[in-house]
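Taking it in order: structure first as structure tokens, then the write-up.
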Amino acid sequence: MTWPEVAEAVADGATTVILPLGATEQHGPHLPLGTDTIRAAALADRLAERLPDSLVAPALPFGCSDEHSGFPGLLGLDAETLARVILDLARRLAGWGARRLVLLSAHGGNGEALDIALALLRKELPDIGVWANDNLETIAPALLEVARRDGISANAVGLHAGEGETSEMLHLRPELVSMHRCMPGFTGDMEDVLDRLRASGLKPVTASGVLGDPTHATAGRGSRYLNALADDLAAALRGDADGS
Ligand SMILES: [Zn+2]
């Protein structure tokens with residue numbers, strides 16, 4: 001957008017800004033490091049289609065990804081730093097008339113930074129409404145419902161670079177997916193392994209970096225995943241606006 005386009009949109013009531021939060025970290029041998037950034041931007045676009053009074057900011061390509069230490073390619077921020085970056089951006093967008101900030105993270109490791117950011121924003125920018133998606137470390141129920149209908153198990157969908165993210169990437173950027181390198185990673189219970197992941201990162205759990213089984217990924221299901229997630233987020237945001 002140009003600045004006059006932003007000015008006009010805000011004057012017409014588009015005062016919600018969606019900030020997609022991605023990451024730069026390993027996504028197995030078959031997906032690019034920027035997977036979460038690409039997914040965050042795509043999800044933000046779909047959410048904006050459902051919330052007409054919103055604008056989409058460029059996706060932040062760096063998140064909190066230390067659970068991927070030991071895999072080359074990692075770039076990330078400390079939780080406090082990411083929270084401060086979000087606060088800095090919020091100050092600027094408040095300056096040209098945005099009234100609500102939606103923090104849309106496509107990466108589970110950003111949870112702590114989001115908690116810090118929400119506290120900072122409420123204290124320092126009380127006039128800006130903030131909303132952040134939660135349940136970052138679990139597979140979203142809306143997504144699991146799509147998988148279940150197709151006979152794909154939660155453990156195949158996976159928490160990271162599994163069938164879920166691979167299907168989404170096959171839909172969004174198929175030229176960046178190396179399906180011939182796809183292999184099942186850790187396919188045990190995704191809920192049970194969370195404590196181990198928090199304590200020691202992914203490396204001891206999965207040598208390839210994959211949590212799930214990407215081998216049955218399809219672009220069509222990836223599209224349905226993204227739409228189901230966007231529907232869910234839009235409903236949550238509308239509910240939030242009604243309730244406050
Ligand atoms: Zn990811």
Side-chain angles (χ1 to χ4, degrees), residues 19-47 59-77 79 82 103-114 132-140 142-144 146-147 152 154-174 176-179 181-187 190-191 193-194 197-198 201-203 205-215 217 219 221-223 225-226 228-230 233:
L19 176 62
L21 300 171
T24 301
E25 64 189 30
Q26 71 82 18
H27 269 77
H30 64 292
L31 293 177
L33 301 168
T35 290
D36 287 347
T37 308
I38 292 165
R39 293 175 47 248
L43 211 45
D45 287 342
R46 279 160 182 73
L47 182 56
L60 263 186
F62 305 118
C64 301
S65 301
D66 283 347
E67 69 274 20
H68 298 282
S69 293
F71 292 99
L74 170 70
L75 291 170
L77 303 171
L82 177 55
L103 302 172
L104 181 51
S105 177
H107 166 59
N110 288 340
E112 187 194 346
L114 285 180
N133 58 320
D134 50 14
N135 288 326
L136 291 175
E137 289 185 330
T138 53
I139 305 170
L143 196 145
L144 280 182
V146 173
I152 303 287
N155 293 351
V157 173
L159 284 171
H160 189 76
E163 188 277 335
E165 290 191 329
T166 305
S167 288
E168 291 179 14
M169 286 297 284
L170 280 174
H171 172 66
L172 295 171
R173 300 291 300 274
L176 298 181
V177 183
S178 307
M179 279 311 280
R181 294 209 178 96
C182 265
M183 279 194 305
F186 171 84
T187 52
M190 295 296 152
E191 304 273 329
V193 81
L194 271 177
L197 295 176
R198 281 194 206 103
L202 270 75
K203 194 100 204 191
V205 176
T206 164
S208 68
V210 174
L211 300 169
D213 180 357
T215 53
R221 194 158 46 244
S223 170
Y225 282 153
L226 289 162
L229 289 167
L233 288 164

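These values consider heavy atoms only, across backbone and side chains, with no hydrogens, waters or symmetry-generated copies. Order of listing sets the numbers, starting from 1, for every ligand and every atom in it.
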Residue Glu25, metal the Zn ion (ligand 1), N/O/S under 2.8 Å = no
To the Zn ion (ligand 1), the closest N, O or S atom belonging to Asp36 is OD1
| With distance as the sole test, does Glu25 use its side chain to make a donor-acceptor pair with the main-chain N or O of Leu74 at under 3.5 Å? | no
**Prompt:** Between Thr35 and Pro32, is there a donor-acceptor pair closer than 3.5 Å when you use the side chain of the first and the backbone of the second?
**Reply:** yes
| For the Zn ion (ligand 1), does an N/O/S atom of His107 lie at less than 2.8 Å? | no
Looking at Glu165, the N, O or S atom sitting nearest the Zn ion (ligand 1) is OE2
Here the gap from Ser105 atom OG to Leu19 atom CG, rounded to the nearest 0.5 Å, amounts to 10.0 Å
Q. Relative to the ring of His107, is the ring of His68 parallel (under 30°), tilted (30 to 60°) or perpendicular (over 60°)?
A. tilted
